[in-house]
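Small disclaimer: the values here were computed from a predicted structure and weren't measured.
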Amino acid sequence: MWHNARLLNMIATALYAVLALVVVAAGLMWLVQRPVFAISHIRIVPAEGSTLRHTNGPSIRANAVPKLQGNFFTLKLDGARNAFESVPWVRRASVRREWPNGLLVELEEHVVLGTWGSGETARLVNVHGEVFVANLAEAEDDARLLALAGPDGSERDVVERLEQLRTWFKPMGVEPLGVTLTDRYAWRTRLSNNTQIELGREQNEQDRAELEARVSRFVQAWPQVVAQWGKQIEYADLRYSNGFAIRAANVRFLTDAQAAAAAKAKAQAQANNQVTRREEKTR
């Protein structure tokens, strides 16, 4: 082999090429690690069709910037996107590099719809039926929050039912302020006129059609209900197949014992009146 000049030349050429590649790679590694390429500029813009009401510089610096690892060349964009989506109120983020040391970040904020659950475990839910965590006081500044609740995983179903109820009750001039799906998959809602509505269970398409039919019957009968009982209807139970039950604020319901006592008192009063009239005639 050592007497084969052609082979030796080929080996030397290959070694020179390898050495050149190593030098170039080392030079590139040295170059990309220069401070000039460290991320020092982040430009935040709203995504198309979105506005940024709650996301600001301090929030970005506190929640996203510490999670960014790498410079202009080595930063992993998926990791950066996750970092920005960890910022409160951010629903989605899109991250692109800006030469030579910046990032362009497009953010879409959550549009709050209401609260999910109650008490200390209450969270916020957006118009897409997604639960998220953010400052409740900031959410209340945006709009009146609806009260939504249901089993875990039912968030989208509850938001979808809310939209249906808005359509169903619109002829009454009211809208739902709260929607609940119970653990037994029964629906109830609270309307803007302070009426609590029991809607019943729904487990299939037939149940859904029957539920809509019961609501339609109640809405059509509403003018007669108001004419007879007044506008302050506290409660309506629509779970009956051929009608519904209501409770009005100005109506007092008596127990059997109270009704019997009231009837006895009325009879006694009538008897006393008759005695008084007889005495007056004898005078």
Practice task
Mark yes or no for whether Thr189, through its side chain, and Gly178, through its backbone, hold a donor-acceptor pair below 3.5 Å.
Solution key: yes

Exercise for the section: Evaluate whether atom CZ of Phe244 has more than 12 neighbouring non-hydrogen atoms of other residues, nucleotides or ligands under 6.0 angstrom away. Expected result: yes

Exercise for the section: State, to 0.1 Å, how close Ala80 and Leu75 come at their nearest heavy-atom pair, and which atoms those are. Expected result: CB-CD2, 4.1 Å

Exercise for the section: Evaluate whether atom NZ of Lys67 has more than 12 neighbouring non-hydrogen atoms of other residues, nucleotides or ligands under 6.0 angstrom away. Expected result: yes

Exercise for the section: Measure from the side-chain N and O atoms of Thr180 to the backbone N and O of Thr182, and report whether any donor-acceptor pair falls under 3.5 Å. Expected result: no

Completion exercise
Rounded to the nearest 0.5 angstrom, the CG-CG distance for Leu68 and Leu103 is 6.5 Å

Completion exercise
Between Asn101 and Ala38 the two heavy atoms that sit nearest each other are CB-O, 3.1 Å

Practice task
May I ask whether Val45 and Ile42 are part of the same hydrophobic cluster, defined by side-chain heavy atoms of I, L, V, M, F, W, Y residues being less than 4.5 angstrom apart, directly or through others?
Solution key: no

Handout entry: Val65 with Leu77, same ILVMFWY side-chain cluster at under 4.5 Å
Key = yes

Practice task
Check whether any side-chain N or O of Thr115 sits under 3.5 Å from a backbone N or O of Arg123 as a donor-acceptor pair, and report yes or no.
Solution key: no

Handout entry: Basic-acidic side-chain contact under 4.0 Å: Glu202, Arg161
Key = yes

Practice task
Give the ring-plane orientation class for Trp89 versus His54, where under 30° counts as parallel, over 60° as perpendicular and anything between as tilted.
Solution key: parallel

Exercise for the section: State, to 0.1 Å, how close Pro171 and Thr167 come at their nearest heavy-atom pair, and which atoms those are. Expected result: CD-O, 3.7 Å

Handout entry: Least distance between heavy atoms, Leu162 atom then Pro176 atom
Key = CD1-CG, 3.6 Å

Practice task
Search all heavy atoms of Asp207 against all heavy atoms of Arg201 and return the closest pair with its distance.
Solution key: CB-O, 4.0 Å

Exercise for the section: Give the minimum heavy-atom separation between Val112 and Val127, together with the two atoms involved. Expected result: O-CG1, 4.5 Å

Practice task
Using the side-chain contact (heavy atoms from CB on, under 4.5 Å) rule, take Val225 and Ile246 through it: C-alpha gap first, then chi angles, then the decisive distance, then the call.
Solution key: CA-CA 9 Å; Val225 171; Ile246 64 169; 3.7 Å; yes

Fill in the blank from the handout: When rounded to the nearest 0.5 Å, the distance separating CG of Leu211 from CD of Gln164 is 9.0 Å

Exercise for the section: Please check if atom CD in Glu140 has more than 12 non-hydrogen atoms from other residues, nucleotides or ligands closer than 6.0 Å. Expected result: yes

Handout entry: Thr55 backbone acceptor or donor facing Glu109 side chain under 3.5 Å
Key = yes

Exercise for the section: With rounding to the nearest 0.5 Å, note down the distance linking CZ in Arg81 to OG in Ser86. Expected result: 11.5 Å

Exercise for the section: Would you confirm whether Arg214, through its side chain, and Leu238, through its main-chain N or O, come within 3.5 Å as a donor-acceptor pair? Expected result: yes

Handout entry: Side-chain touch Lys231/Asn193, heavy atoms, less than 4.5 angstrom
Key = no

Exercise for the section: Kindly indicate, with the supporting measurements, whether the criterion side-chain contact (heavy atoms from CB on, under 4.5 Å) is fulfilled by Leu181 and Arg188. Expected result: CA-CA 7 Å; Leu181 176 63; Arg188 64 171 59 106; over 6 Å; no

Exercise for the section: Return yes if some donor-acceptor pair links the side-chain N/O of Ser59 with the main-chain N/O of Asn56 below 3.5 Å, else return no. Expected result: no

Practice task
Using distance alone, with no hydrogens and no angle criterion, decide if Gln228 and Gln224 have a side-chain donor and acceptor under 3.5 Å apart.
Solution key: no

Handout entry: Derivation and outcome, side-chain contact (heavy atoms from CB on, under 4.5 Å), residues Leu107 and Ile60
Key = CA-CA 11 Å; Leu107 298 181; Ile60 295 292; 4.2 Å; yes

Problem - Glu98/Arg43 salt bridge by N-O under 4.0 Å criterion - result: yes

Exercise for the section: Group every Ile, Leu, Val, Met, Phe, Trp and Tyr by side-chain heavy-atom contacts under 4.5 Å, then state whether Val131 and Leu124 land in the same group. Expected result: no

Exercise for the section: Output yes when Lys76 and Asp78 qualify as a salt bridge under the 4.0 Å nitrogen-oxygen rule, no when they do not. Expected result: no

Completion exercise
To the nearest 0.5 Å, atom OG of Ser50 lies from atom CZ of Arg92 at 11.0 Å

Problem - Flag side-chain contact, heavy atom, 4.5 Å: Trp187 against Glu198 - result: no

Handout entry: Ring geometry between His110 and Phe132 (parallel below 30°, tilted from 30 to 60°, perpendicular above 60°)
Key = parallel

Handout entry: Transitive ILVMFWY side-chain link Tyr240 to Val219, under 4.5 Å
Key = no

Could you give the side-chain donor-acceptor pairs of residues 145-160 under 3.5 Å, partners two or more places apart or in another chain?
from: Ser154; atom 1: OG; to: Pro151; atom 2: O; distance (Å): 2.6
from: Glu155; atom 1: OE1; to: Gly153; atom 2: N; distance (Å): 3.3
from: Arg156; atom 1: NH2; to: Glu130; atom 2: OE2; distance (Å): 3.3

Exercise for the section: To the nearest 0.5 Å, tell me how far Leu52 CG sits from Glu106 CD. Expected result: 10.5 Å

Handout entry: More than 12 heavy atoms of other groups within 6.0 Å of Glu163 CD
Key = yes

Handout entry: Check: Ile233 main-chain N/O paired with Arg247 side-chain donor or acceptor under 3.5 Å
Key = no

Practice task
Verify side-chain contact (heavy atoms from CB on, under 4.5 Å) between Glu108 and Glu48, making sure each step is shown before the conclusion.
Solution key: CA-CA 8 Å; Glu108 176 191 352; Glu48 184 177 358; over 6 Å; no

Exercise for the section: Indicate yes or no: at least one non-hydrogen side-chain atom of Ile44 is less than 4.5 angstrom from one of Phe84. Expected result: yes

Practice task
Using the rule that two of Ile, Leu, Val, Met, Phe, Trp, Tyr join whenever any of their side-chain heavy atoms come within less than 4.5 Å, decide whether Tyr235 and Trp222 are in one cluster.
Solution key: no

Practice task
For the pair Arg97 (side chain) and Phe72 (backbone), establish whether a donor and an acceptor sit closer than 3.5 Å, ignoring hydrogens and angles.
Solution key: yes

Problem - Ser216 side chain near Gln220 side chain, heavy-atom distance below 4.5 Å - result: yes

